[in-house]
There are 2 protein chains.
Amino acid sequence: MITPVLLCGGAGTRLWPISRKSFPKQFVPLTGEQSLFAASAARLTGPDYAAPVVVTGSDFRFIVTEQLLAAGIDPGTVLIEPSARNTAPAVLAAALMLAQTDPDALMLVAPSDHAISDPAVFRATVARAVPAAKAGRIVTFGISPTHAETGYGWLELSATAGADAVPLSRFVEKPDAAAAARMLEAGHFLWNAGIFLFTAATFVAAARTHAPDLMAPVEAALRQAQPDLGFLRLDPAAWDAVPSISVDYAVMERADNLSVVAYDAGWNDLGGWDAVAREMGTDADGVAVAGAVTAIDCHDTLLRSDSDGVELVGIGLRDIIVVAMDDAVLVADRGRAQDVKIAVERLKAKGALQAEAFARDHRPWGHFETLALDSRFQVKRIVVKPGAALSLQSHHHRSEHWIVVSGTARVTVDQEVKLLTENQSVYIPLGAVHRMENPGKVPMVLIEVQTGAYLGEDDIIRYEDVYARGQGAKG
Amino acid sequence: MITPVLLCGGAGTRLWPISRKSFPKQFVPLTGEQSLFAASAARLTGPDYAAPVVVTGSDFRFIVTEQLLAAGIDPGTVLIEPSARNTAPAVLAAALMLAQTDPDALMLVAPSDHAISDPAVFRATVARAVPAAKAGRIVTFGISPTHAETGYGWLELSATAGADAVPLSRFVEKPDAAAAARMLEAGHFLWNAGIFLFTAATFVAAARTHAPDLMAPVEAALRQAQPDLGFLRLDPAAWDAVPSISVDYAVMERADNLSVVAYDAGWNDLGGWDAVAREMGTDADGVAVAGAVTAIDCHDTLLRSDSDGVELVGIGLRDIIVVAMDDAVLVADRGRAQDVKIAVERLKAKGALQAEAFARDHRPWGHFETLALDSRFQVKRIVVKPGAALSLQSHHHRSEHWIVVSGTARVTVDQEVKLLTENQSVYIPLGAVHRMENPGKVPMVLIEVQTGAYLGEDDIIRYEDVYARGQGAKG
């Protein structure tokens, strides 16, 4: 049995505006029906695979379980990193945890934001790596290159790749065009995809040798980890002392027991809008479109409308990337796709909420979005999952009108509890202790109209919360 | 005294998505605080000017009076064209109307969608045209050309323009680049701006001679015109028989009594996004921006965010036009700005509402916009002007919840009439006869949540309407 270890704590900005810190690209259905994370988990299921270990940030924990359950996948263990420490500590925490019950447990470590076009070929490739991993090798999967790519790291093999794992000679940093061309030609070079197979004991031993300063704080964070509503939260104080370092730098580039298995089918790291355009597929003019798009005389251009209700028109464009949402629009020269991260920094600096957040806010009980916001009132659409409940709460500065427009709500206002169905409303006076629940089997949709002098999410006093959130924390 | 005759019935599509059929460019503050129409009316006020005659379509009549009153301008006479018939019938109707009281009335006919940078210079230029107009000439204003423009028609003068009006030799259709360069060089050619000064009798006589088939139907439409809430509505049946033709083709290019006065200051027809970019002004890199825009390394590019809350980012762009709104985004090569009208045709063909309409709908009593729309519910923000009232109405298919969030509403539900203020709500059951009014001195803002199986605007039975609209007509 192989345990998938899915890393999904990242919050890259290169796919802004679709990918934002509050809901990053791995959770978005970027090129298909499923999110990249759900697809990553789904391709590592079957008779050879145990339930996954998912390592993620606190903000994403409910998204992870929701997407796994929606895909029919056992959520396994969700390890919560109290803060981002890059990949080495995350992998080490997973390895130490698995080693507690089985030092020989096979771990397939993978990012959760790549596209892999043929899951069956990928699983067969993983199977070919198992003997070497069982023999104590760190097996890395190399992608058979299709062009002289300068945007990836490469792997130099000690021999041409075959059916079995081949020892690695060295990692090659992102090359220039000439070096990339030579490597493509040479035949014993593959792209480094950051996907690994090894036993828990192999990795722990390698980390002990090559990254000894990681050991004590990660061990402490795991030893003092708190189970929390089905998640395992690494100890924040111990985690604070963990150095932030990638698994490549900390272990892989120093270890001498690496082997490579070649994966010879479609792979894409979706590391920028240019890569996304390639993955989406283009027409004869090189135009890739998604959503409500009208393209007139465009060439080698990406046109995405990623919000319902946004009509995007492109006229006479060449080598342009356009991503349109209802609160943010990116238009970039295709050769400058990597500079999106600079733009996001600029937006952050000027205080634009769109730099990191969406209008739709995901919560353990469902989600909400602001439909209208004024200095004295706010209108929200709130969607509560079947069986879910918001905390019992009150506000100092606002009154609320609730109108149920779909499903059934159980509403508590001070001493009174009543059921509301479609087209029924209730008024929550300022100061009243109230709660909203969905006792039904379908999502409940409610329009909330708030009025008051202060409408911030932190005007909240919590009396009870099934999700164990604190005072003033987001509702 | 000169009577401004402002033509503002047009609904061009070349400035989509800001200009749409339901609210075209002349009513939008495109390059300043004021709308182009309001600016056009404002520049023709003062001791020499009478109140304007505005010729517009039925859909725009309340916008016209609202914008004039907001600018502190006497609305004068608003002539409503029952349907669009191009400019010749509109000018003739105004001339016939003015001739009824004073055949010698001076008419300054102008489009309402041009930018004129110096109103005082413009008025002084008009004053210079008065003697010729009083002497029975049709005076057209020619713009002193600043470059060899191929997008405009030109005027050939019989002599170099001076302080007084000079007889016109001929109109020149949009030239090619070489011809434009020759005319610029020659010195006795000006751009045709479509602005004219003449007496009512002069124009009527010219029309009788050169466009005799216009006379009878326009005279009939005016004779049978109906006063309607302060507007004068030309008779729809008579107007139906009026040929659709421009004033240039019908009269100007055929008459032999044209003279030209040169206007030697800033003018821009804002005929496309490229022209708008020039008018907005650019930075050293040729970049023009408006709204929430982040431009990184762009050149000769227009970047506009024209909806509150839309962050627009441009990276590495050259000769690109971007106009971003929350429901539509245009990205075009600058050389293709005129093809926007093709895009609008495509959007119409595919049934996209954005081709012609906005989320915000203007009504005589105020405006509303849809915040959320689902198959079974709709949320609207409704703003009612002080003193205004919606019709007394009922619906077959929907119930409504009203929550006042700003100002005061007087609400009628069947037999009951009550005042609601901020944070108060009322429920309108299906079938109840109801009305919403704003008895106050400040705008009233109300959130309406509709639920029902059919939510179209045409589910309306009207019992009383101060704006005299019919059954099923928009609410």
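Chain letters run A, B, ... following the sequence lines, proteins first and then strands; every chain starts at 1.
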If every non-hydrogen atom of Ile315(A) is compared with every non-hydrogen atom of Ala343(B), which pair is closest and at what distance?
CD1-CB, 4.0 Å

Could you go through Ile320(A) and Leu317(B), starting from their C-alpha distance and side-chain angles, then the distance that decides it, and tell me whether this counts as side-chain contact (heavy atoms from CB on, under 4.5 Å)?
CA-CA 8 Å; Ile320(A) 297 286; Leu317(B) 304 176; 3.8 Å; yes

Checking the side chain of Glu311(B) only, and the main-chain atoms of Leu353(A) only, is there a donor and an acceptor separated by less than 3.5 Å?
no

Tell me, side chain or backbone of Leu312(A) under 4.5 Å from chain B's heavy atoms, or both, or neither?
both

Minimum heavy-atom separation for Ala324(B) to Val329(A), with atom names?
CB-CG2, 3.9 Å

Count the heavy-atom pairs under 4.5 Å between each of Val323(A), Asp327(A), Asp326(A) and chain B, then report the option with the highest count.
Asp327(A)

Counting heavy-atom pairs under 4.5 Å to chain B, which of Ile321(A), Leu347(A), Asp374(A), Asp339(A) comes out on top?
Leu347(A)

Okay, Ser425(A) and chain B: the region with an atom under 4.5 Å from a heavy atom over there is both

Heavy-atom pair of closest approach, residues Ser399(A) and Asn423(B)
OG-ND2, 3.2 Å

Heavy-atom proximity to chain B below 4.5 Å, by part of Ala292(A)
both

Check whether any side-chain heavy atom of Val313(A) sits under 4.5 Å from a side-chain heavy atom of Arg346(B), and report yes or no.
no

Any side-chain heavy atom of Arg336(A) sitting closer than 4.5 Å to one from Asp297(B)?
yes

Hey, could you give me the CD/OG1 distance between Glu345(B) and Thr294(A), rounded to the nearest 0.5 Å?
12.0 Å

Contacting moiety of Val344(A), where chain B heavy atoms sit under 4.5 Å
neither

Ala328(A) and Val310(B) have their tightest heavy-atom pair at N-CG1, 4.3 Å

Other residues, nucleotides, ligands: >12 heavy atoms within 6.0 Å of Lys348(B) NZ:
no

Please determine whether the number of non-hydrogen atoms from other residues, nucleotides or ligands lying under 6.0 Å from atom NZ of Lys385(B) exceeds 12.
yes

Would you indicate whether the side-chain heavy atoms of Val449(B) and His401(A) approach each other to under 4.5 Å?
no

Checking heavy atoms, do the side chain of Val405(A), its backbone, both or neither come under 4.5 Å from chain B?
both

Distance col, row Asp333(B):CG vs Ile296(A):CD1, nearest 0.5 angstrom, shows 12.5 Å

What option among Met325(A), Arg381(A), Lys350(A) has the most heavy-atom pairs under 4.5 Å with chain B?
Lys350(A)

Looking at chain B, which one of Val331(A), Asp308(A), Thr451(A) has the largest number of heavy-atom pairs inside 4.5 Å, strictly under?
Val331(A)

Contact origin within Leu303(A) toward chain B - heavy atom pairs under 4.5 Å:
neither

Using a 4.5 Å cut-off on heavy atoms from C-beta on, say whether the side chain of Phe377(A) contacts that of Ile403(B).
no

Just wondering, more than 12 heavy atoms not from His397(B) lying within 6.0 Å of its NE2?
yes

Please classify the contact of Leu330(B) with chain A as side chain, backbone, both or neither, using a heavy-atom distance under 4.5 Å.
both

